[in-house]
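Let me begin by presenting the structure, written as structure tokens, before commenting on it.
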Amino acid sequence: MEKRSNKYYLTLSLKEYANGETEPAKELGIEFSNHDEIFGIIQKMKEKNLFDDPSEATQFALGLKLFSEIKLKHRKNPLFDELNEVFPVFMKKLKSL
């Protein structure tokens with residue numbers, strides 16, 4: 001039996017380049033699945049007040065969930081060898097805060 005996953009669609013739009021220009025506009029949309037309900041995790045990260053700026057909690061939670069889901073799916077990939085040892089420790093620390 002296949003595990004059920006939440007399905008998401010993420011849109012990333014470039015608002016402004018570092019030099020102040022707004023053209024050419026760029027946008028990327030991707031569909032992905034994740035075993036967690038990411039909106040709930042974002043809210044939990046905001047409530048923990050880990051960062052001065054609440055938007056950084058959103059960036060952190062979203063980046064972490066995108067990264068960790070790929071790492072989990074490809075745990076046997078040699079790219080993740082070093083992380084496979086320390087990542088569970090990091091996640092336990094984060095969840096304990």
Side-chain angles (χ1 to χ4, degrees):
M1 182 176 190
E2 185 177 327
K3 280 189 172 183
R4 293 189 158 263
S5 292
N6 297 299
K7 309 272 185 227
Y8 295 94
Y9 186 85
L10 178 67
T11 303
L12 178 66
S13 301
L14 179 61
K15 185 175 178 180
E16 182 179 311
Y17 290 88
N19 65 5
E21 297 290 325
T22 57
E23 296 292 332
K26 291 185 179 178
E27 188 168 282
L28 169 71
I30 59 167
E31 288 185 35
F32 65 97
S33 299
N34 196 288
H35 69 276
D36 286 319
E37 199 283 293
I38 296 175
F39 290 100
I41 291 172
I42 290 170
Q43 186 59 41
K44 286 179 185 177
M45 288 294 109
K46 287 180 177 180
E47 290 169 1
K48 288 180 186 285
N49 293 315
L50 298 174
F51 309 104
D52 293 336
D53 182 347
S55 73
E56 289 179 346
T58 300
Q59 293 173 58
F60 175 74
L62 186 56
L64 182 61
K65 290 313 304 170
L66 289 170
F67 173 76
S68 63
E69 192 74 10
I70 295 299
K71 192 195 91 42
L72 186 64
K73 287 179 184 176
H74 300 280
R75 67 173 63 92
K76 294 185 186 214
N77 185 319
L79 177 64
F80 299 115
D81 284 350
E82 290 82 8
L83 288 175
N84 287 335
E85 296 177 25
V86 296
F87 199 75
V89 175
F90 169 77
M91 290 303 293
K92 284 178 187 172
K93 180 179 180 180
L94 177 61
K95 289 177 181 183
S96 74
L97 297 176

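Just so you know, residue 1 is the first one in the sequence shown, and it goes up from there.
Note that CG of L14 and CD of E23 are 10.0 Å apart. Values are rounded to the nearest 0.5 Å. Note that the CD atom of Q43 and the NZ atom of K48 stand 12.0 Å from one another [nearest 0.5 Å]. With rounding to the nearest 0.5 angstrom, the CE atom of M91 is 5.0 Å from the CG atom of L64.
Between E27 and T11 there is a side-chain heavy-atom pair separated by less than 4.5 Å. Put simply, the side chain of K71 reaches to within 4.5 Å of the side chain of L83, judged on heavy atoms. Inter-residue side-chain proximity for I41 and K65 is flagged as met; some heavy-atom pair is nearer than 4.5 Å. Looking at L72 and F67, their side chains never come closer than 4.5 Å, going by heavy atoms from C-beta outward. Contact annotation: the side chain of E69 never approaches that of D36 to less than 4.5 Å [non-hydrogen atoms, C-beta and beyond]. Side chains of K26 and Y17 form a contact here, defined as non-hydrogen atoms less than 4.5 Å apart. Within the 4.5 Å cutoff, no side-chain heavy atoms of T58 are placed close to those of M45. No side-chain heavy atom of S96 sits less than 4.5 Å from a side-chain heavy atom of K92.
A donor-acceptor pair is defined here as one N or O able to donate and one able to accept, closer than 3.5 Å; no such pair exists between the side chain of N6 and the backbone of I38. Listed for the Y8 side chain is no donor-acceptor partner under 3.5 Å among the backbone atoms of I30. At distances below 3.5 Å, at least one donor-acceptor pair connects side-chain atoms of N84 with backbone N or O atoms of R75.
Heavy atoms only, all atoms of each residue included: Y9 and G29 are closest at OH-CA, 3.3 Å. For F80 against H74, the heavy-atom pair with the smallest separation is CD1-O, 3.3 Å. Among all heavy-atom pairs drawn from S33 and K73, the shortest one is O-NZ, 4.2 Å. Minimum heavy-atom separation, P54 to D52: CD-O, 3.6 Å.
Note on I42: it does not cluster hydrophobically with F60, by side-chain heavy-atom contacts below 4.5 Å among ILVMFWY residues. Hydrophobic clustering (ILVMFWY, side-chain heavy atoms < 4.5 Å, transitive): F32 and L28 are in one cluster. Hydrophobic cluster membership is shared by F39 and L66, with clusters built from Ile, Leu, Val, Met, Phe, Trp and Tyr side chains linked at under 4.5 angstrom. Linking ILVMFWY residues whenever their side-chain heavy atoms come closer than 4.5 Å, directly or via other members, places L79 and V86 in the same cluster. Cluster membership check: F51 does not share its hydrophobic cluster with L62, using side-chain heavy-atom separations under 4.5 Å among Ile, Leu, Val, Met, Phe, Trp and Tyr.
Checked by atom type, the side-chain pair E16/T22 shows no donor-acceptor distance below 3.5 Å.
Shown here is E47, whose CD atom has more than 12 heavy atoms of other residues, nucleotides or ligands within 6.0 Å.
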